[in-house]
J.: 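Starting off with a structure, shown below.
The structure displayed is predicted, hence computed values, not measured ones. Chain letters run A, B, ... following the sequence lines, proteins first and then strands; every chain starts at 1.
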Amino acid sequence: MQYDPKQIEPKWQARWAEAKVAEVDVTAPGDKFYMLNMFPYPSGDLHVGHGRNYILGDALYRFFRMQGRVALNPMGWDAFGLPAENAAIKRGIHPREWTQGNIAREKKQFERWGILYDWSKELASCDPEYYRWNQWLFLKLYERGLAYRGKAPVNWCPSDQTVLANEQVVDGRCERCGSEVVQRELEQWFFKITDYADRLDDGLDMLDQWPEKVKLMQRNWIGRSIGADVDFEVPSLHKSLRIFTTRPDTIYGATFMVLAPEHPDVAALVADNPQRAEIQKWIEGVKNQSNLERQEAGKEGRFTGKTATNPFTGEQIPIWLGNFVLMQYGTGAIMAVPGHDQRDFEFARQYDLPVRVVVTPGGTPAPSPAEMAEAFVVKDESAVSVNSGSLSGLATPKAIETVIGEIESRGIGRRMVRYRLRDWLISRQRYWGTPIPMVYCEVCGIVPVAESQLPVELPLDVPFTGREGNPLAKDPRFVNTTCPKCGAAARRETDTMDTFVDSSWYYCRFITPRDQTKIFDSRLVNRWLPVDQYIGGIEHAILHLLYARFITRTLHDMGLVEFEEPFQRLFNQGMITKEGYRDPSENMSWVALNEVEWRDEKPVRKGSGHELVAEVGKMSKSRFNVVPPDELIERYGADTERVYTLFIAPPEQEAAWSDDGVVGASRFLNRVWHLGQQLLEMSGSGDAGPVSSDRMIRKMHQTIDAVTARMQRFQFNTAISALMELSNAIGEYVSAGGRDTKALRVAYTALLQMLHPLAPHITEEMWELLGNGGFILVAPWPVADPALMLEDVVTIAVQVNGKLRGQIEVAAPPTEESVFAAVNASEKIQQWVTGKQVVKRIYVPGKLVNMVVK
RNA sequence: GCGAAAGUGGCGGAAUUGGCAGACGCGCUGGACUUAGGAUCCAGUGGCCCAAAGCCGUGCGGGUUCGAGUCCCGCCUUUCGCACCA
């Protein structure tokens, strides 16, 4: 019988579904394992690169199940978001229909890949039964003062007509559409994530099963800085300006101050300046610049005309405005220490402001400011304060402690911790999202919707014009309501929530997804969470994971969950890339694959014959390098795609897809199939044949040992190569005439079981053909016998002066005596030794001998 | 600029603690079986050399060691992250 994946794959997919093999009773006892792939945005088009992510998760899920864990592997849909709304505008399909269609397609694709999810727990964030709990969560955060409305400069994308989070602005442009982002002042809803900045930073230390890279990215994003706030008096205005610094020890070198152009005290500072008009104009110009333009402009500033008192030197120092000082960070004002801060140094040189050296590398004299080419910014134990009053002579860490003490005792400031992290702006001026459950009453002001009135549902029959912003705001039936408090006419909030709110707690909802009475069942969530293994792309290293960690802590503080970290172990899979072709003669435009032809092993463009440039990169339609799974499955089967995907490279690494490489995986599965057929044909003849099966059985035990360890460590590529070796060993036994069907059956069955997580269909089929009952999926994982792993003859490498000169074979177990006896008996080795003096003999037990001769 | 990771055959990649570099697979070469082969099976495949013996070989240059892909020092290249955050 031929291996025919087209026949067997749908058969087993149907059987798994019928038997509901992946459904978990969350109340049943057992050693739980919560496996989770980040729920996807349903775009409808999955390619082999996406496949890697889910195949990886499924392989692990099946492996842990076979190891006896009660494994839960749920799946859902991050179903709100802009693309659905854009589709509505472009094609006139309602976002809900578009989304549901995509969900159906992706679900079908998962099935075709042979991926097992517990579909009884499926959820979609656009379902009112889900997003009502988003709204409930919002109300709870509001009660606790963690959701607030504030006026803030926001990033506005003129093309998408919406506000963007800082995270969604990349190089001053909209992450999604690439338009240049402008600043606007708007009333927005925020979550107070900054209240949790310390806990989010400290918590990273506990996450010992997270990639270091992700933790570092989160640390940088939170940007915790320890320093001090210090007040500088402005005598002419009888008030003070507060600054934040991480280097209070350099305060004797503060020769001027710089304020952000948006600083609230600017107007007072320039009020009587004759150049006021020009300064105002300059400020307006800076304000209108995007962050990107501001940086490209270089450092610019204006003198306010006023001075402040340096509290330590007593000197009057000029107060400047500077475009490089950010209002959003710290106090929006700095003390400038040009000697020890590169930015201040550049500003000082540009405007000819004094530079003073107050820290030196230990033991060296202070350089003359005029000769300095850059600021001296070392702040470890090696740096020492000079020209700094009582601080002089102290190493920097000590100087910082000392000066903070003085600042506090003089009452001019205090120790301060500040963060780069800002509050999470969740308002979106968009339709396809969770309506924020708030009402504006003319009498009572801002009033939360009563819990009993949830969900605030999205009206479905609204027009999508793509102009004039959010359709919700134009729908009087939605907007007009009554105040929950006083009953007067009121207006609904028309902003919807950032979709990162949806994804920041969905992993809890999966445990009790149909609960109509509460967000989730705390008792069961505490049993199943944290997620044992979370898998997803590195693109979520900051946003999603930080928000999820934040929301989990708020749930913890509300007493709803016992844990603070939602994801115990995190894995980021690498991207699958593929070469695409660009035409240098046409402005490096991407060329469709059917336009490419090969001449002398070089890609050229059909017709023009122009030579093309191949470039390996992310799969995307615009590069014409997407590999859709359909043809692949049609031709080779899903099991082949799975094995190739896992074999291609270590899963955390980026990997280039090769159409040729797929053939190797296909051949391997064909060989496994063929071996099974041969075994079936042999049917228990008593004759064991001319060769011993010991070698094969030994290989089996070695393979069980290796594969078990490698699966646990995500080393699927080397697990597969070990299985290929076992398959080759079984094949060699059979072609040498081995007919011990009992041994063959043992070895082959172990091969099938270990292969099952990687190639589930073919292994179920052969398991059945061999007469086993039930699913191979639920058969216990094979166990290696260490005694049977040992070789009876050991090969030992022999080096002379560190160079390999031969190999010897010794009966197991090798001893130092038996090994050197064999070395002395080997002519090949002795020719390198005779006539020389053996200075040293090194013996690495069971592995290697090195003779050092002179 | 700062931070992190990675450089191994024609290609993807192997190589617990320093211990036979190139497992496994692709491709390629030769052969078998075939009407045919983009099927299957067998053999070979890091470089130099007709071959053997031997020599060379893990980005480059040093070092430690009996022994270095692995450890140390100094470079080079690539990728990713951050980027006026005081």
J.: What distance, rounded to whole Å, do you find between the two C1' atoms, one in G25(B) and one in G59(B)?
T.: 25 Å
J.: Without decimals, in angstroms, what is the distance between Arg247(A) CZ and C84(B) P?
T.: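 One finds 20 Å between P of C84(B) and CZ of Arg247(A), rounded.
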J.: How does each nucleotide of nucleotides 20-39 of chain B score, in 5' to 3' order, for protein heavy atoms under 4.0 Å: base (B), sugar-phosphate only (S), or none (-)?
T.: B--BBSSS----------BS
J.: Tyr329(A) ring centre to Arg420(A) NZ or CZ under 6.0 Å, with the angle to the axis within 45°?
T.: no
J.: In whole Å, measure the gap between the C1' atoms of U70(B) and C80(B) for me.
T.: 24 Å
J.: Determine if the base of G9(B) is syn or anti; take syn to mean the glycosidic torsion is within 90° of 0.
T.: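 In terms of base orientation relative to the sugar, G9(B) is syn.
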J.: Cation over ring, Lys299(A) on Phe324(A), under 6.0 Å and within 45°?
T.: yes
J.: Is G1(B) paired to anything, Watson-Crick or G-U wobble with both distances less than 3.5 Å, and if yes, which nucleotide?
T.: C82(B)
J.: Under 4.0 Å between any heavy atoms, over every strand shown, what does Gly806(A) touch: base, sugar-phosphate, or nothing? Just pick one.
T.: nothing
J.: Nearest whole Å is fine: how far is A5(B) P from Lys213(A) NZ?
T.: 10 Å
J.: Without decimals, in angstroms, what is the distance between Met327(A) CE and A86(B) P?
T.: 16 Å
J.: Separation of Leu669(A) atom CG from U40(B) atom P, in whole Å?
T.: 12 Å
J.: I'd like the C1' distance from G9(B) over to U29(B), given in whole Å.
T.: 16 Å
J.: Which nucleotide, in any strand shown, forms a Watson-Crick or G-U wobble pair with G27(B), with both distances under 3.5 Å?
T.: U45(B)
J.: Are OP1 or OP2 of C66(B) and a side-chain N or O of Lys840(A) less than 4.0 angstrom apart?
T.: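 Yes, because at least one side-chain N or O of Lys840(A) sits under 4.0 Å from OP1 or OP2 of C66(B).
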J.: Which comes earlier along RNA chain B counting from the 5' end, the contact point of Gln715(A) or that of Asn850(A), where each point is its nearest nucleotide?
T.: Gln715(A)
J.: Please give the distance between the P atoms of G46(B) and G22(B) as a whole number of Å.
T.: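 It works out to 9 Å between them.
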J.: Which of these nucleotides, G12(B), C66(B), G81(B), is closest to any side-chain atom of Met217(A)?
T.: G81(B)
J.: Any carboxylate oxygen within less than 4.0 angstrom of a Lys/Arg side-chain nitrogen, looking at Lys287(A) and Glu262(A)?
T.: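 Judged by the 4.0 Å cut-off on N to carboxylate O distance, Lys287(A) and Glu262(A) do not form a salt bridge.
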J.: Considering Watson-Crick and G-U wobble pairs with both distances under 3.5 Å, what does C75(B) pair with?
T.: G59(B)
J.: Please pick, from C55(B), C84(B), G19(B), the nucleotide with the shortest atom-to-atom distance to any side-chain atom of Asn323(A).
T.: C84(B)
J.: Say you pick atom P in G67(B) and the same atom in A21(B); how far apart are they, in whole Å?
T.: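 Nearest-Å result for G67(B) against A21(B) at atom P: 14 Å.
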J.: Which part of the nucleic acid, if any, lies within contact of Val798(A), taking any heavy atom under 4.0 Å across all strands shown: a base, the sugar-phosphate backbone alone, or nothing?
T.: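 Counting heavy atoms under 4.0 Å across all strands, no contact is made by Val798(A).
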J.: C11(B) P sits how many Å from Lys578(A) NZ, rounded?
T.: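 So the two atoms are 17 Å apart, to the nearest Å.
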J.: For Gln702(A) and U16(B), give me the distance from atom CD to atom C1', rounded to whole Å.
T.: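 So the two atoms are 16 Å apart, to the nearest Å.
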J.: Roughly how far, to the nearest 0.5 Å, is CG of Asp205(A) from NZ of Lys215(A)?
T.: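 One gets 7.5 Å once the value is rounded to the nearest 0.5 Å.
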J.: Can you tell me how far P in C26(B) sits from the matching atom in A39(B), rounded to whole Å?
T.: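 Roughly 11 Å separates the two P atoms.
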J.: Please name the nucleotide paired to A32(B) by Watson-Crick or G-U wobble geometry with both distances under 3.5 Å, or report none.
T.: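 Check on A32(B): paired to U40(B), both distances under 3.5 Å.
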J.: Phe668(A) has an atom CZ; how far is it from atom P of G13(B), in whole Å?
T.: 20 Å
J.: Give Leu326(A) one of three labels, base, sugar-phosphate or nothing, depending on what nucleic acid heavy atoms sit under 4.0 Å from its own.
T.: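 Result for Leu326(A) = base.
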J.: One thing to verify: whether Glu652(A) and Arg52(A) come together as a salt bridge, which I'm taking to mean a side-chain N less than 4.0 angstrom from a carboxylate O.
T.: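 The answer is no: the pair does not qualify as a salt bridge.
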J.: If each of Val844(A) and Glu654(A) is mapped to the nucleotide of RNA chain B with the nearest heavy atom, which maps nearer the 5' terminus, i.e. the 5' end?
T.: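 Looking at RNA chain B, the more 5' nearest nucleotide goes with Glu654(A).
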J.: Could you give the CD-to-C1' distance, from Glu652(A) to U79(B), as a whole number of Å?
T.: 15 Å
J.: Using the P atom in both, what is the distance from U8(B) to G13(B), to the nearest Å?
T.: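 U8(B) and G13(B) have their P atoms separated by 9 Å.
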J.: Can you name the salt bridge (charged side-chain N to carboxylate O under 4.0 Å, His left out) partners of Glu809(A), sequence neighbours left out?
T.: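 Partners of Glu809(A) by the salt bridge (charged side-chain N to carboxylate O under 4.0 Å, His left out) criterion come out as none, since no residue qualifies.
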J.: Does any nucleotide pair with A14(B) by Watson-Crick or G-U wobble geometry, both distances under 3.5 Å, and what is it?
T.: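 Because no pair has both required distances under 3.5 Å, A14(B) counts as unpaired.
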J.: If you measure from the P atom in G81(B) to the same atom in G30(B), how many Å do you get, rounded?
T.: 46 Å
J.: Determine which nucleotide pairs with A52(B), using a 3.5 Å limit on both distances of a Watson-Crick or G-U wobble pair.
T.: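 Its partner: none found.
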J.: Do the numbers put Arg418(A) on top of the ring of Phe244(A), so that NZ or CZ is under 6.0 Å from the six-membered ring centre and no more than 45° off the axis?
T.: yes
J.: Counting only side-chain nitrogens and oxygens, does Arg420(A) get under 4.0 Å of the OP1 or OP2 atom of A86(B)?
T.: no
J.: For Pro318(A), give me all partners under side-chain contact (heavy atoms from CB on, under 4.5 Å), at least two apart in sequence or on another chain.
T.: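 Pro318(A): side-chain contact (heavy atoms from CB on, under 4.5 Å) contacts with Phe256(A), Phe303(A), Trp320(A), Leu353(A).
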J.: Would you check if the side chain of His340(A) reaches a backbone N or O of Val358(A) as a donor-acceptor pair within less than 3.5 Å?
T.: yes
J.: Side-chain N or O of Lys803(A) versus OP1/OP2 of C56(B): is the shortest distance under 4.0 Å?
T.: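 Answer yes for this pair, as a side-chain N or O of Lys803(A) is under 4.0 Å from OP1 or OP2.
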J.: Pairing check on G69(B): which nucleotide meets the Watson-Crick or G-U wobble criteria with it, both distances under 3.5 Å?
T.: none
J.: Salt bridge check, Arg414(A) against Asp229(A): does any charged N sit closer than 4.0 Å to a carboxylate O?
T.: no
J.: Using a heavy-atom cut-off of under 4.0 Å over every strand shown, decide if Gln653(A) touches base, sugar-phosphate, or nothing.
T.: sugar-phosphate
